[in-house]
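Data first, discussion second: the structure below is written as structure tokens.
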Amino acid sequence: MTDEISYSVDAGIATMTLNRPDRRNAITYTLLTELQNALTSAAGDESVRVVVLTGAGGNFSVGRDQSGDRSSRVVRGDSQQEDRTRLLDVSRVIPTLVQHPKPTVAVIRGGCAGAGLSLALACDLRYAGADAMFNTAFLGAGMSGDMGMAWLLTRAAGTSKARELMLLSERIKADRAASFGMIHEAFAEESLEARTTEIIQRLSVSAPLAVRGAKLNLDSAMSRPLSEFLMDEADRLITCAYSEDVEEARSAFLEKRVPHFTGR
């Protein structure tokens, strides 16, 4: 479908692959633009139940491509205003991921650093192979951070750990990343595909309205006062309660079979 993002949909699963393996999936302006387009397409596709984000060729992404062609970069040195405009344009992909109506899963192998780490952190669920390595990386490049890194990392790992990871900018192995919430779990390399496939398939057969409502509840829980949250939560539950999927869940339970949810 595209050059720098490979996009496919199969059995309700939209897989988006960062597709620059010769550059360890280093991020360009084009890659982020194509990812934004793919995410928008998946959001509007009723057949898509879950979005998977991964990288080609043994790495997730090592961050921005600093040594590639200047025209492919986000920050090009044309002028501060033009670079700021480009950065804000491609940064839209982060809220698109965070607020995506479908559950999003990052499957991580190899290097995951800088803006690539931001993309992973923006996903709902994050799983990595045991050999994966993580690094905020910005300070090493003389940069303060972008693509929502500090915002995302604080919510994933907590304030204290986020400060350590940002300010020391050290490489973190997958098992340590899992211990403080940067990822949800690290699997042995030989079992990563099987374990993540099981998780992704479980999500793909869940009730779409309920999943979307749960995601909205989780987002609201971070920002809304409890009294307001309870009203929003009640609205979402009532919407689900009057759906065909709830009737299907009830029938399947009584008939001792697997439910088939349609999102209606």
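Under the 3.5 Å distance criterion, the side-chain polar atoms of Glu34 are matched with a main-chain donor or acceptor of Glu4. Here the side chain of His100 pairs a donor or acceptor atom with the backbone of Leu39 at under 3.5 angstrom. In terms of modelled atom types and a separation under 3.5 Å, the side chain of His184 and the main chain of Leu125 share no donor-acceptor contact. A donor-acceptor contact shorter than 3.5 Å links the side chain of Thr40 to the backbone of Gln36. For Ser206 (side chain) and Arg202 (main-chain N/O), a donor-acceptor pair under 3.5 Å exists by modelled atom type. At distances below 3.5 Å, not a single donor-acceptor pair connects side-chain atoms of Asp245 with backbone N or O atoms of Ala207. Between the side chain of Lys173 and the main chain of Asp131, no donor-acceptor pair closer than 3.5 Å is present. The backbone N or O of Asp235 lies less than 3.5 Å from a partner atom in the side chain of Thr239, making a donor-acceptor pair. No donor-acceptor pair under 3.5 Å is formed between the side chain of Thr15 and the backbone N or O of Ser8. One N or O on the side chain of Glu189 and one on the backbone of Ala130 form a donor-acceptor pair closer than 3.5 Å.
Shown here for Ala156 and Leu121, the closest heavy-atom pair between the two residues is CB-CD2, 4.0 Å. Closest non-hydrogen pair, Ser61 versus Asn25, comes out as OG-O, 2.7 Å. Looking at every heavy atom in both residues, Leu97 comes nearest to Cys123 through CD2-SG, 4.1 Å. Across Gly114 and Ala137, no two heavy atoms sit closer than the pair N-CB, 3.9 Å. Contact record, Ala177 with Phe134: CB-CD1, 3.9 Å, taken as the closest heavy-atom pair. Summarising the geometry of Ser169 relative to Gly140, their closest heavy-atom pair is OG-N, 4.2 Å, with the distance given to 0.1 Å.
With hydrogens and angles left out, the side-chain atoms of Thr85 and Gln81 include a donor and acceptor closer than 3.5 Å. No side-chain N or O of Thr262 forms a donor-acceptor pair with one of Glu248 less than 3.5 Å apart. A side-chain donor from one of Arg236 and Asn217 sits under 3.5 Å from a side-chain acceptor of the other.
Between Tyr7 and Ser41, the closest side-chain pair of non-hydrogen atoms falls below 4.5 Å. Between Val50 and Val105, the closest side-chain pair of non-hydrogen atoms falls below 4.5 Å. No side-chain heavy atom of Leu53 sits less than 4.5 Å from a side-chain heavy atom of Val107. Between Met182 and Arg176 the shortest side-chain heavy-atom distance does not fall below 4.5 Å. Here the side chains of Ile108 and Tyr127 are not in contact, with every heavy-atom distance at 4.5 Å or above. Side-chain contact between Leu216 and Asp232 is absent, with no heavy atoms from C-beta onward closer than 4.5 Å. Two residues are said to be in side-chain contact when any heavy atoms from C-beta on lie closer than 4.5 Å; Leu139 and Met166 fail this criterion. Contact of the Arg64 side chain with the Met147 side chain is registered, since non-hydrogen atoms from C-beta on lie closer than 4.5 Å.
Here the straight-line distance linking atom CE of Met16 with atom OG1 of Thr104 works out to 9.5 Å at 0.5 Å rounding. Rounded to the nearest 0.5 Å, atoms CD1 (Ile238) and OG (Ser243) are 11.0 Å apart. Between atom CG of residue Leu18 and atom CZ of residue Arg24 there is a gap of 14.0 Å, rounded to the nearest 0.5 Å. Note: Ile94 CD1 to Leu32 CG = 8.0 Å, rounded to the nearest 0.5 Å.
Counting non-hydrogen atoms of other residues, nucleotides and ligands closer than 6.0 Å to CD of Gln80 gives a total of 12 or fewer. Annotation: Asp22, atom CG; neighbour count of heavy atoms from other residues, nucleotides and ligands within 6.0 Å is above 12. Enclosure of atom CD in Glu193 is not indicated, since only 12 or fewer non-hydrogen atoms of other residues, nucleotides or ligands lie within 6.0 angstrom.
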Show the numbers, then the answer: is there a side chain to side chain donor-acceptor pair (under 3.5 Å) between Thr17 and Asn19?
CA-CA 6 Å; Thr17 305; Asn19 192 32; over 6 Å; no
Could you check Phe180 against Ile172 for side-chain contact (heavy atoms from CB on, under 4.5 Å), going step by step and ending with a plain yes or no?
CA-CA 11 Å; Phe180 48 73; Ile172 303 295; 4.0 Å; yes
side-chain contact (heavy atoms from CB on, under 4.5 Å) between Leu203 and Val211, intermediate numbers included:
CA-CA 9 Å; Leu203 286 168; Val211 170; 5.6 Å; no
With side-chain contact (heavy atoms from CB on, under 4.5 Å) as the test, would you mind laying out the steps for Tyr29 and Asp89 before giving the verdict?
CA-CA 9 Å; Tyr29 182 87; Asp89 179 38; 2.7 Å; yes
Please lay out, stage by stage, how Leu35 and Leu119 fare under the test side-chain contact (heavy atoms from CB on, under 4.5 Å).
CA-CA 10 Å; Leu35 180 58; Leu119 291 176; 3.9 Å; yes
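Between Asp124 and Lys215, at least one side-chain N (NZ, or NE/NH1/NH2) sits under 4.0 Å from a carboxylate O, which counts as a salt bridge. In summary, Asp78 and Arg86 engage in a salt bridge, as defined by a charged side-chain N under 4.0 Å from a carboxylate O.
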